[in-house]
Amino acid sequence: MELPAKTFQVTRADLVRYAGASGDFNPIHWSDRFATKVGLPGVIAHGMFTMALVGRAITEWAGAPDAVVDYNVRFTRPVVVPDDDQGTEIEVTAVVREVTEDGLTRLEVTATCLGEKVLSQARATIRTAR
Amino acid sequence: MSLDPSFVGRTYPPTAPYQVGREKIREFATAIGATDPVHHDPAAAQALGHPDVVAPPTFPVVVTMAASRQIVEDPALGVDYSRVVHGDQRFAYTRPVVAGDELVCASTIEDVSTRGGHGFLTTRTDVSTVAGEPVVAVWSKIVVRGEA
């Protein structure tokens with residue numbers, strides 16, 4: 001079963017807010033000067049911010065913010081966030097791989113930015129029965 | 001960048017307790033656009049059986065940051081942080097983190113390898129309450145990029 005796609009807009013302001021909230025102040029997430037110096041195309045989103053947005057999609061699909069029992073991702077490609085009002089977009093889709101007898105649902109998640117996968121091996125297990 | 005494989009199995013002493021604040025959970029939830037009242041309103045969280053507001057699934061990275069630093073900044077291991085990129089991340093929860101938790105982190109290096117000139121380091125951090133109740137296990141794999 002495929003779950004309805006969710007799209008998240010990501011702007012520079014979001015990265016600044018996430019840096020403050022998470023305590024990750026690595027300048028590759030806010031300084032073009034620094035990001036390009038270390039060989040990146042520009043400022044990129046925190047991998048953990050992408051993982052958090054995908055986590056939101058998962059809890060929204062689950063219908064419960066406290067339902068996630070296991071969640072893992074591999075970061076495959078940076079999410080470049082241009083310095084304009086639109087920023088960029090991350091699209092998240094998932095398929096249900098398994099529903100176990102003890103009320104666990106296993107999802108396989110896909111996250112893309114500009115048509116390219118930014119995560120691979122993204123999986124979550126959620127508790128469906130309350 | 002080559003990392004010393006003899007570090008596999010090394011454990012680090014538990015970090016000082018991290019006090020999970022209600023406002024920190026709200027701030028983190030707001031930063032990721034998580035508007036569910038369970039992250040913001042203690043009454044909504046209590047209605048689901050939690051003592052206080054519930055942290056979003058990736059919030060434990062805030063808690064494990066000091067433990068990660070302990071390893072990445074271990075001079076004996078010698079990671080060049082300016083060359084680090086995040087490889088993999090996993091959370092396995094016994095229960096969600098909630099406001100009021102006082103959490104300690106104990107880390108182990110699970111794997112160290114070098115492939116294609118890049119160093120790979122996998123750590124596991126067990127997050128538990130000061131009373132010893134397990135909350136979440138966090139795995140993180142970082143890649144230390146080799147000089148081109």
Side-chain angles (χ1 to χ4, degrees), chain A residues 6 8-11 13-28 34 37-40 44-60 62-78 119-127 130, chain B residues 18 23-40 44-45 47-50 53-66 68-69 81-98 136-143 145 147-148:
Chain A
K6 292 180 185 291
F8 300 94
Q9 189 184 22
V10 179
T11 65
D14 295 318
L15 301 189
V16 171
R17 201 174 292 115
Y18 183 78
S22 69
D24 183 345
F25 294 103
N26 189 328
I28 60 173
F34 190 91
K37 202 170 73 188
V38 298
L40 293 165
I44 62 167
H46 306 71
M48 289 308 302
F49 183 57
T50 301
M51 190 176 184
L53 295 177
V54 173
R56 252 181 73 195
I58 293 164
T59 54
E60 285 169 23
D66 58 351
V68 182
V69 295
D70 203 302
Y71 178 27
N72 63 278
V73 305
R74 170 163 295 172
F75 303 101
T76 49
R77 187 179 280 275
L119 301 179
S120 71
Q121 301 181 27
R123 298 188 190 99
T125 304
I126 53 181
R127 199 180 294 108
R130 279 210 87 83
Chain B
Y18 180 98
E23 296 300 346
K24 189 67 192 176
I25 288 180
R26 287 173 172 156
E27 180 191 7
F28 188 88
T30 300
I32 65 165
T35 55
D36 193 296
V38 170
H39 304 305
H40 299 272
L48 289 185
H50 301 288
V53 294
V54 175
T58 61
F59 180 82
V61 284
V62 176
V63 180
T64 58
M65 189 167 292
S68 309
R69 225 166 245 160
Y81 193 68
S82 72
R83 309 199 66 84
V84 166
V85 291
H86 202 159
D88 296 37
Q89 184 73 28
R90 178 183 173 204
F91 302 93
Y93 310 87
T94 305
R95 66 159 173 83
V97 171
V98 294
V136 57
V138 181
W139 287 265
S140 186
K141 183 180 192 172
I142 61 167
V143 183
R145 292 181 298 150
E147 310 281 342

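No experiment lies behind these values; they were computed from the predicted model shown. In what follows, chains are A, B, ... by sequence order, proteins preceding strands, each numbered from 1.
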Among [options], residue most engaged with chain A (heavy-atom pairs, under 4.5 Å):
{"options": "B:H86, B:R95, B:K141", "value": "B:H86"}
{"options": "B:P96, B:A34, B:G87", "value": "B:G87"}
{"options": "B:A55, B:A45, B:A92", "value": "B:A92"}
{"options": "B:I32, B:T30, B:V98", "value": "B:I32"}

Is A:F49 close to chain B through its backbone or its side chain, or both, or neither, when contacts mean heavy atoms under 4.5 Å? side chain

Which portion of A:S22 sits near chain B, non-hydrogen atoms under 4.5 angstrom: both

Find the one option among [options] whose heavy-atom pairs under 4.5 Å with chain B are most numerous.
{"options": "A:V10, A:I58, A:V69", "result": "A:V69"}
{"options": "A:T59, A:V54, A:V16, A:V68", "result": "A:V68"}
{"options": "A:Q121, A:R17, A:H46, A:M51", "result": "A:M51"}
{"options": "A:P65, A:G47, A:G55", "result": "A:P65"}

Less than 4.5 Å apart, any side-chain heavy atom of [X] and any of [Y]?
{"X": "B:V54", "Y": "B:L48", "value": "no"}
{"X": "A:N72", "Y": "B:W139", "value": "no"}
{"X": "A:D24", "Y": "A:M48", "value": "no"}
{"X": "A:L40", "Y": "A:F34", "value": "no"}
{"X": "A:L119", "Y": "A:F75", "value": "yes"}

For the backbone of B:R26 and the side chain of B:H39, can you confirm whether one donor and one acceptor N or O come within less than 3.5 Å of each other? no

Once rounded to the nearest 0.5 Å, what's the spacing between atom CG of A:D66 and atom CG of B:D36? 8.5 Å

Between B:F59 and B:F28, what is the ring plane arrangement, given parallel below 30°, perpendicular above 60°, and tilted in between? perpendicular

Is it the backbone or the side chain of B:P57 that comes under 4.5 Å from a heavy atom of chain A, or both, or neither? side chain

